[in-house]
Amino acid sequence: MRRPVRLLISLGAIFLLPRWAAGQNKYEPNSVSIIEAIARGEAREALSSLEAQGAEAEKNAASSPSPQRYWEEASNAYREAARVALNLGQLQKAVALGNKALEMAEKAKNFALQAGAMYQLQQTYRTIGNDAKTREWVARGIETTKQIRDEGRRRYMMGNFLRELGTNLLREGKREEAIQSMSEALQLFEQHLAFLKSQSKPLPNRAQAVTQTQQSIVYTFFRLGIAYQRAGKIDEGISTYEKGLTVIKETGLKTQTEVQIYWGLGDLYLRKKDFPRAMENLQRTLEMAEQLRLAGFIYLASSQLGDLYLQTQKPAEAVPYYKKAIDNIESTRSLLESEEFRSSYFEDKRATYGSMILAHLRTKNPTEAFNYSERARSRAFLDILGSKVQLSRGGTLLEHERALQARISVLQAMMGAQGSDGAEGPRLRQELEGAQKAYADFLTEVRKENISDQRRAVDFEAGPGAARPRGDAARVLRGARGRASMGGGKGPGTVCEHTDQPRRSCRQSRGAEGYGLSNRREREV
């Protein structure tokens, strides 16, 4: 039977435990050991152990006349550490560890390990929301995988990247192509599993290889379920998720993908407005995610439970779930040192703040609605606005900032007149990207030099003493309350009209019916 599969964060699935490491550490640097550790709720302990193993192997390589083995050990350890950091929501650390894994693999000239590190990096950048980097690492991973000599490892790793390629196609709106790519990935995994089971002579680490492949099949089921979901094939999506759960139960797998599948079922039942089943699956997702400390799915399940209560006209019950989701957003964001990462991570999360604001307005609590509006603005725009406030005080800096902005505006206007398909389109696009990068770099430097002063100048945080909105803010809330009343069934309303979200990320609603799968969930998974 053909099984649609998805490989979630199971990046190292083709990397079996090296023989030298067997039995030496509770947290062995291979995907089976680490996925099971995460499933036991031991992610933090595993991360600490793996980082130590990687550092020790790297140290040994530096002093060894034959460092090849140690570089491979370090790459395995750092790759699996990156997997754990990603699950814990430590995105900055996950990027750093993924790059370390790739560096060690390149020193070892091991294409399989290089492909594994690239896979983990694309997973992290996908979670951050950096689509360009995600596509780049998938493309590089496919080319690197072609150079793997071992047929089994090449087949397995190609399955991983075909699934992720399908995810990229899905993000581009190419749903049928995405389903095809993920189905091809599933076929490769099933072929690999059949190969492992058909060998008359026991292969080294075959039990682990079988388990890894089964985990990949289950993960691909999850991914394929999402593809069907986005294609509007809800019944096919539900069937695919249920097949994934069947494999988990039949094989006894310990994998965090089970949490993801329950979330997928909850989302689809919410789309069908089967609220009892949606509630059952989302509650189970949240309980398991909290037990396993899976930050991304704590956020997803909480925000959707809030949506469910808002849809069923219970805004007071929605508030604590939105609060949990927002607390998770801000906790994860606080760990990101890069302005680029913070901005891209937060870009699709503003809808959750908009939903919280709407819930407070419907419970006649405009003060809290205002506070969350200010929190959303501070998180989304503090970095850039902080720099601009400082710029307003210095003539030279302000002139430079205006010149950079003018250059961007001119290029955008030229592209608009030329059209993206015109002869000058590629050159203008390249120049525009360069100008936008120069502007971002400029703001970064200004902010580094003036960070403490900027934070005082741009204090959007609404404290206890700033609870009562006045002036323009009060007028905004009065308008928001009027629009929110239309959400009760009197007419169409825009959920985020009273926030500072870009228009493209607003969700239209008639009553509470507009709460389906929002941008935040599409980017997160």
Side-chain angles (χ1 to χ4, degrees), residues 229 234 238 259-260 262-290 294-330 348-373 375-376 477 480-481 483-499 501 505-522 524-525:
Q229 166 183 322
I234 294 180
I238 290 174
V259 180
Q260 298 167 304
Y262 280 119
W263 168 79
L265 285 169
D267 180 78
L268 287 182
Y269 283 124
L270 187 58
R271 281 172 167 254
K272 293 185 71 172
K273 300 193 182 302
D274 186 340
F275 297 123
R277 289 186 180 181
M279 174 74 72
E280 176 186 353
N281 283 283
L282 290 173
Q283 286 284 11
R284 190 162 189 176
T285 301
L286 182 57
E287 291 169 7
M288 294 176 70
E290 289 183 323
L294 301 179
F297 281 85
I298 293 173
Y299 155 69
L300 286 169
S302 298
S303 62
Q304 276 189 289
L305 283 165
D307 288 353
L308 188 154
Y309 279 115
L310 209 54
Q311 284 194 49
T312 54
Q313 308 302 318
K314 297 176 182 178
E317 286 88 340
V319 167
Y321 287 106
Y322 285 137
K323 182 179 185 304
K324 187 186 291 287
I326 289 171
D327 287 347
N328 185 274
I329 291 170
E330 296 183 356
D348 61 323
K349 306 297 189 299
R350 291 194 293 275
T352 303
Y353 287 82
S355 299
M356 173 66 108
I357 292 166
L358 184 57
H360 277 304
L361 289 173
R362 288 186 177 176
T363 55
K364 304 186 186 307
N365 192 347
T367 296
E368 281 302 306
F370 173 75
N371 287 343
Y372 274 97
S373 176
R375 286 173 69 172
L477 277 175
R481 284 198 294 270
R483 284 188 292 272
S485 67
M486 294 192 292
K490 297 181 180 180
T494 303
V495 173
C496 62
E497 281 181 340
H498 53 287
T499 71
Q501 297 183 58
S505 64
C506 295
R507 291 176 295 162
Q508 299 293 328
S509 71
R510 291 186 179 272
E513 295 178 3
Y515 291 85
L517 181 70
S518 71
N519 288 342
R520 63 172 179 258
R521 288 179 280 280
E522 291 196 20
E524 189 74 20
V525 299

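We number each residue from 1, following the sequence as shown.
Of all heavy-atom pairs between Pro315 and Ala359, the closest is CB-O, 3.8 Å. Annotation for Thr285 and Tyr262: closest pair OG1-C, 3.2 Å, computed over non-hydrogen atoms. Taking all atoms of both residues into account, the shortest heavy-atom contact from Ala325 to Ser303 is CB-N, 3.9 Å. Between Gly266 and Ala278, the shortest heavy-atom distance links the atoms O-CB, 3.6 Å.
Between Gln229 and Ile234, the closest side-chain pair of non-hydrogen atoms is not below 4.5 Å. No side-chain heavy atom of Leu265 sits less than 4.5 Å from a side-chain heavy atom of Arg277. The shortest distance between side-chain heavy atoms of Arg284 and Val259 does not fall below 4.5 Å. Between Ile326 and Tyr299 there is no side-chain heavy-atom pair separated by less than 4.5 Å. Taking 4.5 Å as the limit, some side-chain heavy atom of Leu286 sits within range of a side-chain heavy atom of Lys324. Within the 4.5 Å cutoff, the side chain of Gln283 has no heavy atoms near those of the Met288 side chain. Side chains of Ser302 and Asn328 form no contact here, defined as non-hydrogen atoms less than 4.5 Å apart.
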Could you please spell out the steps behind the side-chain contact (heavy atoms from CB on, under 4.5 Å) verdict for Tyr269 and Ile238? CA-CA 8 Å; Tyr269 283 124; Ile238 290 174; 3.8 Å; yes
Show your reasoning for whether salt bridge (charged side-chain N to carboxylate O under 4.0 Å, His left out) applies to Glu368 and Lys323. CA-CA 11 Å; Glu368 281 302 306; Lys323 182 179 185 304; over 6 Å; no
Please step through side-chain contact (heavy atoms from CB on, under 4.5 Å) for the pair Leu310 and Arg362, ending with a clear verdict. CA-CA 9 Å; Leu310 209 54; Arg362 288 186 177 176; 3.9 Å; yes
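Asp274 pairs by the side chain to side chain donor-acceptor pair (under 3.5 Å) definition with nothing, not counting sequence neighbours. Contacts of Lys314 classified as salt bridge (charged side-chain N to carboxylate O under 4.0 Å, His left out), with partners at least two apart in sequence or in another chain: none. Under the ring-ring contact (aromatic ring centres under 6.0 Å, His included) criterion, Tyr321 pairs with Tyr309, not counting sequence neighbours.
A distance-only check finds a donor-acceptor pair linking the side chain of Tyr322 to the backbone of Asp307 [under 3.5 Å]. Looking at Thr312, its side chain does come within 3.5 Å of a backbone N or O of Leu308 through a donor-acceptor pair. Under the 3.5 Å distance criterion, the side-chain polar atoms of Asp267 are left unmatched by any main-chain donor or acceptor of Trp263.
If you take OH on Tyr372 and OG1 on Thr352, they are separated by 11.5 Å, rounding to the nearest 0.5 Å. In this structure, CG on Leu294 lies 11.0 Å from CG on Leu300, to the nearest 0.5 angstrom. One finds the CD atom of Gln311 at 9.5 Å from the CD atom of Gln304 (value rounded to the nearest 0.5 Å).
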